[in-house]
**Q** 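My structure is below; once you've seen it, I'll send some questions.
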2 protein chains.
Amino acid sequence: MATIDDVARQAGVAISTVSYALSGKRKVSADTRARIEAACVALDYAPRASARALAANRSEVIAVTAPLHPDTDPSAHMAFAMEVTIAARDHDYDTLLLVHDDAQQGMRRSAATALADGIIVLDVAAHDERAALARKLSCPVVFIGVPEDTEGLVCVDLDFEAAIRQSIDALVEAGHRSVGLISQHPETLERESNYPLRVVHEFERYAQSCGIDFAVTYPETDDAAPALDDLLARLPGMTGVVLNTANPVAQSLAAALGARGLTVPRDVSVIAAGMTPIMARTPLPFDTLPLDPRLTCPVAVDILVDLLEGKAPARGVTLVTPIYQSQGSVAPAPVASPLQAR
Amino acid sequence: MATIDDVARQAGVAISTVSYALSGKRKVSADTRARIEAACVALDYAPRASARALAANRSEVIAVTAPLHPDTDPSAHMAFAMEVTIAARDHDYDTLLLVHDDAQQGMRRSAATALADGIIVLDVAAHDERAALARKLSCPVVFIGVPEDTEGLVCVDLDFEAAIRQSIDALVEAGHRSVGLISQHPETLERESNYPLRVVHEFERYAQSCGIDFAVTYPETDDAAPALDDLLARLPGMTGVVLNTANPVAQSLAAALGARGLTVPRDVSVIAAGMTPIMARTPLPFDTLPLDPRLTCPVAVDILVDLLEGKAPARGVTLVTPIYQSQGSVAPAPVASPLQAR
DNA sequence: TTGAAAGCGATACCAC
DNA sequence: GTGGTATCGCTTTCAA
């Protein structure tokens, strides 16, 4: 492997000139630059990452901690890790994968050994141990997801409250006056980042302020049918459903509705708010305000890179506005409620 | 951050002694070692990765190229990436994630800049461009999956042929004389690593040598029903099914059988051979010989690490023997064929 | 058993 | 605009 010395010799200049020509941190005349570039090509030169990192005191690597709980969706996980990697490459950073058993220790190690310049934390739980760790660590950390206590942390997430409000607005504008929310499994509410709870609260608050009837249900299984029955029992005139639930539940909703003689959007309008699309599966046939990794990951990486390069101070919690994607699952409310119509 | 100098001063020894004490590459007396360890703890010392890499000429990092095609299952992908990472950590290596757009260029870059010591290639296609690249690269590369031309490459994969033979053996031993294979989608056969084809060939060869009736079908969609009908049409007495197909097809098989009045294992015995379990979903209710990342990834990493540390020469293609996992989906063949019995 | 010192290959300061 | 060189923090050879 050629070194910067070889290039300098071949181009007939000093190594500092080569370094400056390549980094652009100093003006270099057109023809010396040309000679240097020619030499680089001729020698197939690439700067050695470790030497550069040692001298510059930065590794150009971002660590990504991606624990894998039994109840997290691995495909969503992969999507986040990939999007972080893609976004990082746009800033000339590489990404190091830190796994579960290793999450705490890995973060510590990557900071202590200066393996990575910064850390992105994925799949954040409400009471995430990595939060306390992040406060102690010397290197910048950005969370994708919001833990309970955000004091001193930098977090990026979808604006779930906004997603809920947009969902209710869309339904209300279409004339719906009775709307149910299918939330997460009870265990998920415990463990998960606190967004499912924030979603429920905002749903109840905003629905109330809009003066519509509402109810919330928490499915016990992956089948939407019992949840649907629960909502219909408490809200016989229900014509709108908002989903912020596990993907299998959402996948089974259309069938559950069909089994009860209900059609989307003729009898019931449906919107999925703040759910992560699964690439491997048929997309949900509903209007969505997705928690899309392509939305949050680049923002998180941008913030981290700004932090690393001293371009901006820590930013607290950044909420990304969801984007409404219509699939034709919202229609004007039927005049009579579907159950009465039957 | 404390450096090795600080530790040496604090312990009252030379830095070389500290280095040797920590690496264990030279004998150090018990009490100097104790003083050094105390100093390390006191100063919270961790060697700087870049300095170590520069001096030792090795980064202790393994790059992982994990492209994401439209038809690859992201959750399986994540599982492989995680298993590689876990296995790598067992050898004190970290893993760098290289993504699709970047796959070729990323491999080149990580070799040229000595970012990583070696490369693991995931999701290998039959005619994978990364194969040619691997032959040119200066750093060791191990493929998880087997491309068409393995000349000069190091590959690890499940022994699919063995999985097929074990499947047929299990069925034949249970008295089945008429066995169908549900293979992959036609497009997958084109693009994918050539194992699906190897599976089909071995199935036909081995079934023939066992003297049983057999047929192979290639499902066009994610629904097993048409494939099942195809098999039953050509093999009216079929009592055994071997699966080496896409997960959704396998997931829908039980329902398709049920719709035709067939029950597993009473009427039909089923074995899934060489399929990757999806963590996010209910596992298949069939006996399996899974392509488990926990089987192949550690082997691949072991081989790569041996290569990196000069412990062993390149090994060509290594096939890992599958492990039979019973789920009770194989039973003695019914006396009369199920169709006749109805 | 330990120490001194020569690299490793970049960056960036200070001169000119 | 360009060149010389100290420096980053380790590993490892050579000497004692």
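So that the names make sense, note that chain A is the first sequence line, chain B the second, and so on, each numbered from 1. All figures in this text were calculated on a predicted structure; none of them were measured in a lab. Just the heavy atoms: all of them, side chains too, but no hydrogens, waters or symmetry mates, feed the values below.
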**Q** Reading DNA chain C from 5' onward, which residue's closest nucleotide shows up sooner: S23(A) or R26(A)?
**A** S23(A)
**Q** When you match A30(A) and S50(B) each to their closest nucleotide on DNA chain D, which lands nearer the 5' end?
**A**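 Taking each residue's closest nucleotide, the earlier one in sequence belongs to A30(A).
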**Q** Categorize T32(B) for me: base, sugar-phosphate, or nothing, with a 4.0 angstrom heavy-atom threshold over every strand shown.
**A** sugar-phosphate
**Q** To the nearest Å, give me how far apart CD1 (I36(A)) and P (dA10(C)) are.
**A**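 Going from I36(A) (CD1) to dA10(C) (P), I get 14 Å.
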**Q** Between atom CG in L115(B) and atom P in dA10(C), what is the gap in whole Å?
**A**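 Whole-Å distance recorded here is 13 Å.
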**Q** Considering every strand and a 4.0 Å limit on heavy-atom distances, what is the contact class for S19(B): base, sugar-phosphate, or nothing?
**A**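 Base, at least one base heavy atom under 4.0 Å.
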**Q** Taking the side chain of S29(A) as its heavy atoms from C-beta onward, which of dT1(C), dT2(D), dC8(C) lies nearest to it?
**A**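 Out of dT1(C), dT2(D), dC8(C), the nucleotide with an atom closest to S29(A)'s side chain is dT2(D).
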**Q** Would you say R130(B)'s side chain and L122(B)'s backbone share a donor-acceptor pair under 3.5 angstrom?
**A** yes
**Q** Ignoring hydrogens and geometry, is there a side-chain-to-backbone donor-acceptor pair from R315(B) to V156(B) under 3.5 Å?
**A**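 Flag not set: sc R315(B) to bb V156(B) has no pair under 3.5 Å.
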**Q** Rounded to the nearest angstrom, tell me the gap between atom CZ in R58(A) and atom P in dT11(C).
**A** 12 Å
**Q** Rounded at 0.5 Å granularity, tell me how far OG1 in T3(B) sits from CD1 in I15(B).
**A**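 Here the rounded value is 8.5 Å.
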**Q** How many whole angstroms separate atom CD of E60(A) from atom P of dT11(C)?
**A**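 After rounding, the reported distance stands at 10 Å.
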**Q** Can you find a side chain N or O atom of Y20(A) that sits less than 4.0 Å from OP1 or OP2 on dC13(C)?
**A** no
**Q** When you measure from the side-chain N and O atoms of K25(A) to the phosphate of dT11(C), is any distance below 4.0 Å, counting only OP1 and OP2?
**A** no
**Q** Between D31(B) and A56(B), name the one whose nearest nucleotide on DNA chain C is closer to the 5' end.
**A**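 Between the two, 5'-proximity favours D31(B).
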**Q** T17(A) has a side chain; which of dT2(D), dC8(D), dA4(C) sits nearest to it?
**A**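 Taking heavy atoms from C-beta onward, the closest nucleotide is dT2(D).
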**Q** Write down the distance between CG (D5(B)) and C1' (dT11(D)), rounded to a whole number of angstrom.
**A** 13 Å
**Q** Would you mind reading off the distance between I4(B) atom CD1 and dG9(D) atom C1', rounded to a whole angstrom?
**A** 8 Å
**Q** How long is the line joining CG of L22(A) and P of dG9(C), in whole Å?
**A**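 Computing the L22(A):CG to dG9(C):P distance gives 16 Å.
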**Q** Expressed as a whole number of angstroms, how long is the span from I15(B):CD1 to dT11(D):P?
**A**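 Rounded to whole Å, this separation is 9 Å.
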**Q** Can R109(B) and D94(A) be said to form a side-chain contact (heavy atoms from CB on, under 4.5 Å), step by step?
**A** CA-CA 11 Å; R109(B) 191 168 48 86; D94(A) 280 286; 2.6 Å; yes
**Q** Using a 4.0 Å heavy-atom cut-off, does S16(A) contact any base of the nucleic acid, only the sugar-phosphate backbone, or nothing at all?
**A** base
**Q** As an exercise, state the distance from CG of L115(B) to CG of L96(B), rounded to the nearest 0.5 Å.
**A**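 L115(B) CG to L96(B) CG: 5.5 Å, rounded to 0.5 Å.
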**Q** Would you say R52(A) reaches dT11(C)'s phosphate, i.e. side-chain N/O to OP1/OP2 under 4.0 Å?
**A** yes
**Q** Considering only dA4(C), dG3(D), dC13(C), which nucleotide approaches the side chain of V13(A) most closely?
**A** dG3(D)
